[in-house]
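Remarks on the structure that follows.
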Number of protein chains: 2
Amino acid sequence: MENMETTSIKEVAHRAGVSLGTVSNVLNRPHLVADTTRQRVLEAIRELGYVRNDSARQLRAGRSRTIAIVVLDVSNPFFTDVIRGAEEAIDAAGAVAVVCNSGQSAARERRHLELLEEQRVQGVLITPVDGGRDSQLVNLIKRGVPVVLVDRGIWQSDRCSVAVDDVLGGRIAGQHFRELGHDHVAFVGGPLTIPQVADRQRGFESVLSGVRVRTFLTPELTVAAGRQAGHAIADLPAPDRPTAVFCANDLLALGLLQEMTQRGINVPDEVAILGYDDIDFAAAAAVPLSSVRQPREHLGRAAAELLLEETRSPDTHAHRNLVFHPELVARKSTARPGR
Amino acid sequence: MENMETTSIKEVAHRAGVSLGTVSNVLNRPHLVADTTRQRVLEAIRELGYVRNDSARQLRAGRSRTIAIVVLDVSNPFFTDVIRGAEEAIDAAGAVAVVCNSGQSAARERRHLELLEEQRVQGVLITPVDGGRDSQLVNLIKRGVPVVLVDRGIWQSDRCSVAVDDVLGGRIAGQHFRELGHDHVAFVGGPLTIPQVADRQRGFESVLSGVRVRTFLTPELTVAAGRQAGHAIADLPAPDRPTAVFCANDLLALGLLQEMTQRGINVPDEVAILGYDDIDFAAAAAVPLSSVRQPREHLGRAAAELLLEETRSPDTHAHRNLVFHPELVARKSTARPGR
DNA sequence: CGCGACGGTTGAAACGCGTCAACGCTGCCC
DNA sequence: GGGCAGCGTTGACGCGTTTCAACCGTCGCG
């Protein structure tokens with residue numbers, strides 16, 4: 001077991017009394033090697049603590065077995081769930097997933113992509129900082145590396161992508177309020193420069209013609225921003241207050257909920273609240289939060305499968321842009337008053 | 001830009017009219033190359049879209065520039081914060097961080113470690129599934145790969161580690177209750193096979209001699225388990241009910257809080273609740289949750305720095321086992337009654 | 001003015017390690 | 001004896017790095 005730092009296939013061959021190629025065969029095509037020889041080689045490998053040098057292997061193979069998942073923010077539960085789904089599929093295919101965190105920084109994303117390109121990764125699954133126009137990413141694609149966009153830039157036909165239909169999500173929210181009989185509702189979210197937010201708003205309003213809809217723009221999608229919006233809504237005199245509020249994500253909804261609870265405004269009787277994402281904490285809130293759920297793990301799995309498909313048959317592969325449907329998870333925060 | 005798949009340093013050299021070595025010098029020791037030549041080479045690189053082959057480079061160098069962070073669960077905020085801290089330090093050192101998720105599975109951890117070893121990573125920062133006795137991890141260390149344990153196995157002297165003093169965290173909790181004048185308190189947590197949980201309990205009880213302390217064991221550290229414990233506590237007749245509860249983590253505390261709120265038991269007036277971890281949602285709970293905060297990012301940064309130090313001077317390096325101190329973050333859930 | 005020395009480059013070749021295709025040896029069967 | 005498996009070996013190859021000898025032009029000294 002000692003002297004491991006420099007153990008190469010050559011020493012294994014020497015110790016086992018065979019040639020280099022045989023050792024290689026034992027490792028890669030064991031059926032070609034006679035039983036006794038194979039045993040001897042495996043024995044030598046064990047004794048020397050030999051570990052294959054992946055650099056050399058890759059150098060010859062021209063590509064690696066790893067698939068990279070580049071996310072905007074590892075601490076966002078949305079992405080961690082996407083990661084889990086993708087890992088599942090990648091694992092099942094015998095590849096290995098590594099996660100890179102761009103942390104919303106274009107510079108870090110670029111650094112990661114550069115390295116990944118140098119490492120000749122098998123493919124990249126990415127939620128790009130800038131929607132996928134970055135030159136580094138374009139280079140990667142030009143080079144023939146399969147790339148799948150996750151939840152961004154679904155309109156680009158030169159690559160695969162997966163996303164969730166946010167307009168539909170908004171529609172589902174509006175529909176839900178309609179069915180509950182609300183005739184004065186509100187949308188809380190922002191900034192509208194985030195396509196997801198704008199889409200959700202658009203879908204929401206599109207099914208609410210004839211209903212009074214107010215909009216409260218927020219500077220970000222956080223609990224604090226939700227609280228502030230809640231402040232503004234609670235300050236309205238009761239007759240002028242919307243009876244149902246759709247928030248662009250669950251954090252906003254949780255903030256809103258807290259503010260309402262603190263102000264003594266009953267949820268859902270006086271104000272119904274509907275979130276988006278269905279994060280784990282939604283169900284666990286003081287008043288269990290209704291939410292529009294995105295199939296996060298599914299999204300990741302589908303993305304990984306598109307990627308794997310492309311790596312397996314790059315020639316016949318046709319790029320696809322999958323769009324998933326969100327679904328309503330109704331809980332107490334939008335229960336019909338009086339229930 | 002075309003024909004990129006096979007572009008090698010050789011073609012660059014040819015196109016620039018220089019030799020291989022010169023191109024290599026341009027890439028690695030540009031000061032050794034005359035200005036005009038360098039420009040010519042850079043130009044050729046750009047024109048051909050050349051990207052260095054990291055496998056070949058590593059094959060020669062014997063080791064890579066990447067540092068792996070292997071965590072138990074990417075969707076746990078504790079780890080994502082640790083990751084962020086570690087990435088900061090790794091980035092600053094010019095290395096690259098990749099994250100591997102073992103998902104609590106020893107098999108996946110093993111697979112990842114095997115691959116990392118084959119890739120000759122510069123170092124590994126890991127929270128091992130089994131406390132660090134896994135043979136794959138031991139192999140890695142034998143081989144001379146720097147390994148730093150995170151929040152596990154601090155007693156092992158053959159490697160560096162970082163951890164947070166959970167006994168102290170428990171003491172801080174107990175001390176807090178003492179100062180608030182509680183004379184009947186409870187600990188909620190489990191299973192005690194998790195060292196962190198056992199340590200917190202031990203510390204908690206150690207400073208509460210003379211105080212009545214009940215223990216409610218939970219099967220896991222989740223919101224649901226917290227709710228169940230809350231159920232049991234709320235069922236106690238008021239005089240027999242503890243006036244302050246210390247939970248082994250914030251999820252339990254949030255579940256407990258919800259149950260209390262739902263049962264109409266006032267927090268903190270009738271029951272004070274103290275959590276552990278100070279996750280983002282703690283401050284955002286219906287009643288802002290007091291918690292014992294662990295310096296998560298700091299932990300990650302320190303771990304990465306130990307690792308980097310070891311990679312830089314493997315000979316003079318002495319293993320260290322850093323222990324960090326948690327701190328109390330007092331919010332409303334443990335405010336003095338009547339305030 | 002001529003020659004050697006010197007600072008500063010350049011280019012050929014060896015090297016790191018595993019993979020794979022082509023080839024060679026043994027022994028057996030018909 | 002010819003042919004065929006079955007097994008193992010040989011050697012070229014992938015690509016960037018590094019070493020070292022050779023080379024260039026310039027400068028100083030005699």
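This one's a predicted model, so the numbers in the text were calculated from it and none came from an experiment. Proteins get letters first, then strands, A, B, ... in listed order; numbering begins at 1 in each.
- Listed pair B:Arg52 / D:dT17 meets the phosphate criterion, a side-chain N or O lying under 4.0 Å from OP1 or OP2.
- For NE2 of B:His319, the number of neighbouring non-hydrogen atoms (other residues, nucleotides, ligands) closer than 6.0 Å is greater than 12.
- Proximity note for A:Ala34 (side chain, C-beta onward) versus D:dC15, D:dC7, C:dG11: the nearest is D:dC7.
- Of the listed residues (B:Val99, B:Val150, B:Thr127, B:Asn101), just one forms a side chain to side chain contact (heavy atoms under 4.5 Å, CB included) with B:Phe79, and that residue is B:Thr127.
- Residue contacts shown for A:Asn28 are limited to sugar-phosphate atoms, with no base heavy atom under 4.0 Å away.
- The distance from atom CG of B:Leu20 to atom C1' of D:dG14 is 13 Å, rounded to the nearest whole Å.
- The shortest distance between the side-chain N/O atoms of A:Arg57 and the OP1/OP2 oxygens of C:dT19 is below 4.0 Å.
- Closest contact between the side chain of B:Ala56 and the listed nucleotides D:dG14, C:dA12, D:dC15 involves D:dC15.
- For B:Ser55, no side-chain nitrogen or oxygen approaches OP1 or OP2 of D:dC15 to under 4.0 Å.
- Residue B:Tyr50 places at least one side-chain N or O closer than 4.0 Å to OP1 or OP2 of D:dG16.
- Using a 4.0 Å heavy-atom cutoff across all strands shown, B:Val23 reaches no nucleic acid atom at all.
- Here B:Ser24 does not reach the OP1 or OP2 of D:dG16: none of its side-chain N or O atoms lies under 4.0 Å away.
- Residues B:Arg120 and A:Ser55 bring no donor and acceptor atom of their side chains to less than 3.5 Å of each other.
- Between the C1' atom of D:dT9 and the NE2 atom of A:His14 lies a distance of 16 Å, rounded to the nearest Å.
- When distances run from any side-chain atom of A:Asn25 to the nucleotides C:dC15, D:dT9, C:dG11, the shortest one goes to D:dT9.
- To the nearest angstrom, P of C:dT19 lies 17 Å from CZ of A:Arg63.
- Looking at the side chain of A:Ile9, the nearest of the listed nucleotides C:dG18, D:dG8, C:dG11 is C:dG18.
- Counting non-hydrogen atoms under 4.0 angstrom, A:Ser8 reaches the backbone sugars and phosphates but no base.
- Distances shown here put a side-chain N or O of B:Thr22 below 4.0 Å from the OP1 or OP2 atom of C:dG11.
- Within the 4.0 Å cut-off from OP1 or OP2 of C:dC20, at least one side-chain nitrogen or oxygen of A:Arg29 is found.
- In this structure, B:Leu59 places its CG atom 17 Å from P of C:dA14, rounding to the nearest Å.
- Put simply, CG on A:Asn53 is 18 Å from P on C:dC15, counting in whole angstrom units.
- When each of A:His31 and A:Gly21 is assigned the nucleotide of DNA chain D with its nearest heavy atom, A:His31 is the one assigned upstream, toward the 5' end.
- Rounded to an integer number of Å, the gap from CZ of A:Arg60 to P of D:dG11 is 16 Å.
- Rounded to whole Å, the distance from CD on B:Gln39 to P on C:dT9 is 15 Å.
- Between B:Glu43 and B:Arg40 there is no salt bridge, since none of the side-chain N atoms of the basic residue sits less than 4.0 Å from a carboxylate O of the acidic one.
- Here the CD atom belonging to B:Glu309 is positioned 5.5 Å from the NE2 atom belonging to B:His317, to the nearest 0.5 angstrom.
- B:Arg38 has its CZ atom 10 Å from the P atom of C:dT9, to the nearest Å.
- Side-chain atoms of A:Gln196 and A:Asp151 include a donor-acceptor pair closer than 3.5 Å.
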